[in-house]
Structure formats: C-alpha cells, structure tokens
Protein chains: 2
Amino acid sequence: MAKRATIGDVAATAGVSTATVSRVLNGGTVAAATAARVWDAVARLEYTPNALTKSIFAGHSSTIGVVIDDLSSPFYLDLIRGIDEVAAANDSLVMFASTFRQADREVAQVRAMDEQRVRGLIVTTGEATDGRTRRMAEGGTPCVIIARTVEDPPSGMHSISLDNLQAGRLAAAHLVECGRSSVGVLISQNRSSQSRPSQTERTAGLRHGLAERGLPLPEGAVATATTESDVGDAIDSLLAHVRDSGKPLDAIVCMTGRLTVAAHSALAARGITIPDDIAFLTMDEFAWAATLGITVIAQPSYLMGRRAAELVVERPTTPVQLVFEATLLARTSCGEQHTGLR
Amino acid sequence: MAKRATIGDVAATAGVSTATVSRVLNGGTVAAATAARVWDAVARLEYTPNALTKSIFAGHSSTIGVVIDDLSSPFYLDLIRGIDEVAAANDSLVMFASTFRQADREVAQVRAMDEQRVRGLIVTTGEATDGRTRRMAEGGTPCVIIARTVEDPPSGMHSISLDNLQAGRLAAAHLVECGRSSVGVLISQNRSSQSRPSQTERTAGLRHGLAERGLPLPEGAVATATTESDVGDAIDSLLAHVRDSGKPLDAIVCMTGRLTVAAHSALAARGITIPDDIAFLTMDEFAWAATLGITVIAQPSYLMGRRAAELVVERPTTPVQLVFEATLLARTSCGEQHTGLR
DNA sequence: CTGAAAGCGCTAACAG
DNA sequence: CTGTTAGCGCTTTCAG
C-alpha cells in the first residue's frame, strides 16, 4: 500500500518549493521550464491533489449536497438528473443521501451534509430540518427546499415547488370534461403519519375545481396510504365510502407518483377497468405512462433539478421562491374528453 | 453571514483547550464536569465539526464514491439504493457522479473521486479507468467494478457482475420452450461505439443455448442502438435481415434494461403484437413489468449494490470477484410455455 | 484528567 | 518568477 504523494514530495523531486507546485497546479505565474519540471514530477509520482485539504481553505467543499426522502418516485430521479448535469458543468460532485422517509433520518442527513461543508444543499425534507437549513443559509451555504415553501426565508434560502392548487384544478377540469362526477383521492403520508403539504394542497385545488363545477369532494373521499401495501386498503375505503354516499366512484386521482404502480395494480386486482369503470389520474410523468395510456399531471422535474442546482451555484442573495406550473398529459385513462360541454 | 464556530471557539467559551474539546467530541476520557461545559459551549455556539478537516487526518473521507454511466436504467436505481442503505448504516454518505455514457467523462469523474479521497469507489465504467482504479486500490482505496470483471486485480480491487452467459442461456431456454425459433437481439453501445462486454456475453450465452437446441443466431440477427431514438432503426434492420433469410422473426430479446421502453414502443408503433407476432424478452426487472406482462431476466441489482458497498466497508485484502445468477421472471410476453417438449 | 505543541496537506500573503 | 512563513480546523503525542 504505497503512500500517497503529497505536494511536498512533488516539490522535493522537482527541486522547488511547495508554493511553486501549488502555483503551477492552480495556474499562477511560473516559468515554463520550472512548470515543466513540476509536471514531470507530478506525472512520475502520480500525484493526485487532495480536494479535502483544498476545501478547508475555501471554507467549503465543491460538492453539492442532496437529501431525498425516497428514490422510488419518478419525480426524484429526474430531479437528480437535472442537479447532476448542472453540477457536472460546474466541476461539482453530488453528495447524495436518502432518508427512507423517516423524519429523524432527515435531520441526521442534513447535519451530515453540513459537516461535510457542502457548497450548497438541496433537500426534500420536512419542517424538522428547517432550523438547521436556516442557519446554514445564514452561514453562507445556499439551501434549496424542494416541493415546499418556507415562511420568511433568510438570505440564501430558496424554494422550488409546484403550483399545487393549479395542479389540483387541472385534475378537476379534466375529470369533469371526461364526464366524471364522483372522485376519490389517494394521498401518501410518511412514517410519522404526516401527509406532505404538497399533496393536501393538490387535494384542495381539486376540491375547488370540483366545487366550481358544482361537484363535492367530501373528506371521506380522501384516503391515505403509507406504504405500497397500504394502497389496497385505501382504495377499498374509497370504494366503500362513496358507495355509502350514493353515487358510485367513477374516478380516482393519485396525488403522488410514488404510489402510481401500487394504485394501478390495486385497481386491476379488484377487476376494475380503466377507464370504463373508473377514471385514473396520477401525478408525475414516467417512462411507461404513454404505453399504458395513463393520463398524468406532470411536474417539470428535470428543470426543477437544474434550477435548484443553479441556485446553489449562482448564490443569489435575495431568497428565491420558484413555483412551476403543472401540465396535464392527457391520455386515455380518464376516458373520452367532451370539451365545450360546460 | 455569521462566521462558523471552530473548535477553538468552543474551547475558549468552555475555558478548556482544543484538545479537550476534541476528546469530548470523539469520546476520550474527560471529567464529567468538563464534558458538560464543553457540550454547553457546543450547543450555545451551534458548533458543527468540519468533517473535511477530520478526513485529512484519517487519510481519507467517510464518503463512498459511485460513478454510474447512466441513470436511466432500472438496474442502476436499485444498485444505488443498495449502496445507499449500506452507506447509511455505516455513517457514510454517497458521492455520486454520472458520466452520461461518455468515456472521457468516466476518467474525469473517477479522478474527481480520487481527489475527494473517497473511502471506497464503486464504478460501472469501462476499461479506460482501470489504470487509476488499480492505483487507487493499491493505495488503499477499495474499488469495486460493477458489471465487468478485471484481469489480475490487485489487492483491494473487486468486481461484481452477472453470470451473463447463464443469463443468455436462460433466455434461449425460455424462448425455445415458448416455441420460438427465429430470434433477433438488440444490444446497446456507448457514444464511442463500444458495446458493453456484458451484453456481448449475454448474446454469446443466448447463441450457445440456441445452438444446443439446434437453432442458429446469425451475426445479422444482432442489431445495435446507441440512443433510444436509434432503436426503431435497429428493430427494422432485424426485421429486414430475418425476412431476407427465410424464417420470419418470432422473438426479440433486448439485452439492456435501458432500452426496454424504446424497444417495446417501437414494436407497438409497427403494429407488431406481443406475443402473438413476436415474443419480447428483456433485461432487468422494473416496476411496471408485471402489469405489462413483460417477461424479464432479472439481476439482483439491489443485492449487488449492497455487496459492493459492503466490500468498501469491510475492505477484504484478497480481491473478491462476485458473480450473481440471473433469474427468469416469466410472464406473458413470450407466449405460452410448452414445457417438457424437448 | 488536561494542556502545549507539533503536525495533516495545502494555500496565501509577503518578501526577495 | 520563486521561496519563506504563516496559517486553515482539527487530532494526537507527550508532558504534567
């Protein structure tokens, strides 16, 4: 296990001082001949500079930290892809941690990122980490909160989210245009039984949109699932509730992309046909949606990732709150659209 | 932008030396009363230790590096999930970089990981990076190559791969059991027109398996695609070739999970029905495979990720070469199985 | 049990 | 253009 060469070793074999080596490595003014000798020594010793040590001078590393609650959602994959591309274009690496959807892990991971002195932090965590991210932002580490907004953010603390109300309204409009009138909603919650504000906002938007068209969305028409295996029960409760209240359920909207597969197969397992028996509408575009004919409300996740990373790189001083519009990608899972019916 | 507290600040406000602070933080022998004062100072100053500085003593960081060529493949997502879980269980973070499937980026990213003094490195890169990973391994940074084996690895250099020949044979057996006899193969290559050895091995396995059953797999029955948009052309060439050679194509096997969606929709776009017109078999399990009835040859990607991370954590001194078996997940995309026909 | 002092590998003035 | 001299924030002997 050969010892690693240090800048001192390079300096010694090149017959110069460490300062000179540092200069040729980082582009200072050095005589061509000297530089050549140094490069030669670098090559011969296979010297690889220690980025860690460099960082302690810069005050922070060149890495962008990302804390994600759950990799399973198609939303996050594209988000990461967007972040990664911007990072690569800026000689940054991405340091990644997932929280397995547990609140206590969220604060541990954010803390770990802070200890690593990341150049900036992008998180999809809940309020529990706000204390630390605020402090980080105040301390000069730009932080970007994804899918949530924060009250009174300090300088350096930004947020990127979807216009969830608009997304909900979009769903309502589409469903009504497809002639549906009795809709059930599926939302997810984390292990601490907290449903994410984004999903409740979408539900609120849906409720507004429905109300504008004279349709109700009673509390009982909203079911919650924590894991994929809960989804079946949630769907059953939806079916039962609406049956009790008279009109049979004719549409289900899944408020999180993470549960799309589970919801879709739960429906299939119950012999329910899409869209004949029930219309199916879900969040987040995914690779097979077109093939399956599933209509989705898409977030521009890739773009959101890029923007997040750009905020980290560009470090605007004023807090930036970016809100993106959702797009309806209409396919066949909600049945025929009867436009101009209103 | 408040300055960050250093260990010196903590020492000063607690009225002790930095050595003592270091001791209470890292669990040395300190009087309870002193420790209490230190913790108090830590809390009051919101002191967050600098992991970077710590690492320069350890000689390396506590981060596991991962270099992936392409996030789009379902294989990699699960691999990362496995790595991430082991990392989390070992107080490690995961540093991630993707190469966008370009060889030059591969060496740049591996180099970057080396500069970051990662605790260990997990890569899916090609031979171009072997020089560096060998040196890293010799220098004491465990390196794990995924989906490829290396000749004569030094101590600390490991590999994790699939038994690609067996995977190919599995495909042959299944296809023949389903009564198919004229199969076409789709493989992918990177931007430098290199097809990955794993895929050519799978093809070889398929060829063997077919030959054992008296069926040929001519060179022309293997088509290559670089990007998703090439897939249509590749499929067309397969269709054309086999038509020329007499027997109409009755099966297509896609040797990479990355192109599954593209291949599947290319078939649909040409009005080809699965499995009636053509059997469809692909690599890597994915969320919608069951719903779509697509038969796949699955790699234990999650487990492979875990093992890779475990090799980094446990640093065995002898080179470890792990080869995993592929599993056939039979669904309906190859038609009816006529077992016992042989 | 605790402090002083010497570094880890590198950069950043400041002279020369 | 280049070497010397301080550090960066932290750990780690080695005395006391």
Side-chain angles (χ1 to χ4, degrees), chain A residues 2-42 45-62 112 114-119 139-141, chain B residues 1-42 45-63 112 114-119 139-141:
Chain A
K3 251 312 13 60
R4 262 177 191 287
T6 70
I7 199 173
D9 300 330
V10 176
T13 77
V16 296
S17 73
T18 61
T20 300
V21 176
S22 176
R23 275 190 280 260
V24 344
L25 259 32
N26 303 297
T29 42
V30 184
T34 323
R37 292 219 315 288
V38 171
W39 283 121
D40 189 59
V42 165
L45 298 178
E46 294 176 341
Y47 171 66
T48 305
N50 185 333
L52 264 22
T53 313
K54 280 180 145 146
S55 299
I56 88 175
F57 284 88
H60 59 81
S61 82
S62 63
D114 195 8
E115 291 184 352
Q116 295 290 330
R117 299 291 190 265
V118 290
R119 168 182 187 174
T141 306
Chain B
M1 185 166 142
K3 259 285 50 39
R4 262 177 190 288
T6 72
I7 198 173
D9 300 330
V10 176
T13 77
V16 296
S17 73
T18 60
T20 300
V21 176
S22 177
R23 275 189 280 261
V24 341
L25 259 31
N26 303 297
T29 42
V30 183
T34 321
R37 291 220 315 287
V38 171
W39 283 121
D40 188 58
V42 166
L45 298 178
E46 294 177 340
Y47 171 66
T48 305
N50 185 333
L52 264 24
T53 313
K54 280 180 144 146
S55 299
I56 88 175
F57 285 87
H60 59 79
S61 82
S62 63
T63 306
D114 194 8
E115 292 184 352
Q116 294 291 330
R117 299 292 190 266
V118 289
R119 166 183 188 174
T141 306

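Only this structure's heavy atoms are used, side chains among them; waters, hydrogens and symmetry mates stay out. Numbers restart at 1 for each chain; the letters A, B, ... are given by sequence-line order, proteins then strands.
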Measure the [atom1]-[atom2] distance between [X] and [Y] for me, rounded to the nearest 0.5 Å.
{"X": "B/Ser61", "Y": "B/Ile56", "atom1": "OG", "atom2": "CD1", "result": "12.5 Å"}
{"X": "B/Thr18", "Y": "B/Asp9", "atom1": "OG1", "atom2": "CG", "result": "11.5 Å"}
{"X": "B/Arg4", "Y": "B/Thr6", "atom1": "CZ", "atom2": "OG1", "result": "11.5 Å"}
{"X": "B/Lys54", "Y": "B/Asn26", "atom1": "NZ", "atom2": "CG", "result": "5.0 Å"}

Nearest heavy-atom contact between A/Leu25 and A/Tyr47 is CD2-CE2, 3.5 Å
At a heavy-atom distance below 4.0 Å, what parts of residues 33-42 of chain B sit against DNA chain C?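 Hits under 4.0 Å, by residue number: B/Thr34.
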For nucleotides 6-16 of chain C, 5' to 3', base contacts (B), sugar-phosphate-only contacts (S) and non-contacts (-) with protein non-hydrogen atoms under 4.0 Å give -BBBBBBB---
- Would you find a donor on one side and an acceptor on the other, under 3.5 Å apart, between the side chain of B/Ser55 and the backbone of B/Ala51?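 Yes.
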Is A/Val42 close to A/Val38 at the side-chain level, that is, under 4.5 Å between some pair of heavy atoms?
yes
Q: Test A/Arg37 against A/Val24 for side chain to side chain contact (heavy atoms under 4.5 Å, CB included), laying out the working first.
A: CA-CA 10 Å; A/Arg37 292 219 315 288; A/Val24 344; over 6 Å; no
Would A/His60 and A/Thr141 count as a side chain to side chain contact (heavy atoms under 4.5 Å, CB included) here? Give the steps. CA-CA 9 Å; A/His60 59 81; A/Thr141 306; 6.0 Å; no
Rounded to whole Å, the CG-P distance (A/Leu52 to D/dC8) equals 18 Å
Give me the one residue out of A/Arg117, A/Glu115, A/Gln116 that meets side chain to side chain contact (heavy atoms under 4.5 Å, CB included) with B/Asn50.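 With B/Asn50 as partner, side chain to side chain contact (heavy atoms under 4.5 Å, CB included) holds for just one option, A/Arg117.
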**Q.** Rounded to 10 degrees, the angle between the two terminal axes of the helix from C/dC1-D/dG16 to C/dG16-D/dC1, each from five pairs
**A.**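 End axes: 40° apart.
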